[in-house]
Amino acid sequence: MPAPTEPLPAPAQVPPPSSPDLKHLVTIVAVVVVVAALYLGREVLIPITLAVLLSFVLAPLVGLLRRVGLPRTPSVLAAVVLALGVILLLGSLIGMQIAGLAQDLPRYQSTIQQKIDTVQNGVLHRLNHLVGELGHAGAPSPDAAAPGADPNSPAAREAVPVRIEEGPASPLDLAHRILAPVLGPLETTFIVLIVTVFILMQQADLRDRLIRLFGSDDLHRTTVALDDAAARLSKYFLAQLAINASFGVVVCVGLFLIGVPSPILWGILAALLRFIPYVGSLLAAVLPTALAAAVEPGWSMALWTAGLFLATEPVIGQVVEPMVYGHSTGLSPVSVIVAAIFWTWLWGPIGLILATPLTLCLVVLGRHVERLEFLDVILGDRPALTPAENFYQRMLAGDADEAQAQAELLLEDRSLSSYYDEVALKGLQLAANDIQRGVIGPEKLALLRDTAATLVDALSEAEDTDPPAPPKKSAPEERSVAEKALPRRPAPAVVLPPPEARPAPWGGPAPVLCVAGRGPLDEAAAAMLAQLLGKHGLGARTATHDAVSRSHIAAFDLSGVAMVCVSYLELSGSPAQLRYLLRRLRQRLPDAKLLVGLWPSDDPLLSDATMQAALGADYRVTSLAEAVTACLEEARSRGTVAGEPAEAATPG
């Protein structure tokens, strides 16, 4: 009587999620305290933040002067003086341009009034007339006097306007009115410059103190984090400064050619306002467009001015910035918008300008500090899920179409075997781990198996070849950063002789038998391997684990089989079942080669040489590409010199 099939192990019980512990509560309290401190201390923190960011901008210049041969102190002072000179120069230009524009404004008053009258006499007049007709029916006549009203009463008389005139202002009042708006910005500028000098002078000491504060026990990680933050911010600020300055120059030249007054003023404002994400260019276009409408009686100058901004901003934003920034600054588009709202609420207009660099600092901090990793997940541009996790998520949803769409996108620049190894098998491993933990029920398991089989069948037309160089490019928004950085395994390149030149049984229709392991998803891995072998001209068929069990292997048809490939996604730490399976196959097929594919490449079984020898396999591989290469090499060697051993894969 045949022995019964070994039952599957009972699924493990998954414990319920635990309640938030003290560490999470402390983190929440710390976040609330930090936000409150940022809001209450904004008068002190804003100048310090501006100084820190300015030091990132000036640090490359200081380094350049140091390499030239200047000591640190003269280098820092020269860089700060240069920055101060640029600020004073821009301020002087803005002041002169505003003064010249103020003198010419009375000349534009008649043009503005004429266009306002034209609008009022046109559309607005018709709207007012229509509203008046609609309200005339229900309103009483203005000529009808109210009953009982006395026309000679004081209420019926016209009110006499009263005007209060102030006396002449004292010199102190005049000085206060003139200097009050100027002292605040001057004070902030002075504090920023002083703090910047000290930061640049004590740059190494501050770095050491930050290392001591955030991670002296892991100097490597902390140093990498600080260097990454400094490099990112310096690159970002210098690139943004250059791009915005170029935008201002283009606007200045364009407005000069159009004939708009004070083009230097609008160019400087355009460069400054473009530091505000998304809306800065629109704000910069409002005033010069309105001035162009006031200068010319017609509308052509205003239209040309608006067209200049509408044409320049897309070129700068969609062409120049991706080339300079490398397609991304490290922030997701949603995080930029949310950060702009948050920092504007905290610090006002200055916060809106500083929103992007401050958020970039938080993202870099989250990438290197384990407790702050959530900042990188929420704000960063790196995808929260890897391609393998996306594959598994779509399998859980039973969405084979989305899984196929992702596969076709990735197959544009990689072979089919590379996609199976780097995405599909890793996604199946995630599913196998969840099945082992007991979180996948029978219905969901059936859905996973059906979706995987549907995907493999849908990719039957894809070729397992490396795409030609250069690969076809997809739209940037369709491909994530993780998908671009996904490793690419070269496709197997072994060329087989024609079937008639191969000895039996290699010349048969299916000389390779792909046997699924004991796991519920091993059949999908075996189907992928059989499909890849067929694309390289080597026929293959699949067999379930039950078909080669103790009770069924005697009746299973193994005719025409020259090589057997066993696929396992998960061994549960016990190789006994695999060893007995290989022993049964060896008894039925003494002349066939046995290959074991253990797709978790970090399985401890693969690192145990004694256990590998005890398995009795001829080949052991950790990827489908290696398995295909081993089968092709075996078939080619048997087709040329019968009996010659294969050397393609690692022998067991």
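As the structure is a prediction and not an experimental result, all values here were calculated from the model.
At least one donor-acceptor pair closer than 3.5 Å links the side chain of Q406 to the backbone N or O of P387. Although no hydrogens or angles enter the test, the distance criterion places no donor-acceptor pair under 3.5 Å between the side chain of W304 and the main chain of L255. Counting only distance, with no hydrogens or angles, the side chain of W266 and the backbone of P261 share a donor-acceptor pair below 3.5 Å. Between the side chain of S415 and the main chain of S418, a donor-acceptor pair closer than 3.5 Å is present. Under the 3.5 Å distance criterion, the side-chain polar atoms of R414 are matched with a main-chain donor or acceptor of L410.
Within the 4.5 Å cutoff, the side chain of R274 has no heavy atoms near those of the Q240 side chain. Under the 4.5 Å side-chain criterion, counting only non-hydrogen atoms from C-beta, L54 is in contact with L193. Side chains of L38 and W347 form a contact here, defined as non-hydrogen atoms less than 4.5 Å apart.
Here the CH2-CD1 distance, from W345 to I341, works out to 12.5 Å after rounding to the nearest 0.5 Å. Atom CD of Q404 sits about 10.5 Å away from atom CG of D399, to the nearest 0.5 Å.
Smallest separation of non-hydrogen atoms from S281 and F247: OG-CZ, 4.1 Å.
Judged purely by distance below 3.5 Å, without hydrogens or angles, the side chains of Q393 and E389 never pair a donor atom with an acceptor atom.
Atom CZ of F256 has 12 or fewer neighbouring heavy atoms from other residues, nucleotides or ligands inside a 6.0 Å radius.
Ring geometry, F391 versus Y419: the interplanar angle exceeds 60°, so the pair is classed perpendicular (tilted spans 30 to 60°).
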Solution key, residues 62-75 side-chain donor-acceptor pairs under 3.5 Å, sequence neighbours excluded:
{"unit_1": "R72", "atom_1": "NH1", "unit_2": "L200", "atom_2": "O", "d": "2.9"}
{"unit_1": "S75", "atom_1": "OG", "unit_2": "P71", "atom_2": "O", "d": "2.7"}

Can you give the donor-acceptor pairs under 3.5 Å from side chains of residues 76-96 to other protein atoms, not counting sequence neighbours?
{"unit_1": "S92", "atom_1": "OG", "unit_2": "L88", "atom_2": "O", "d": "2.8"}

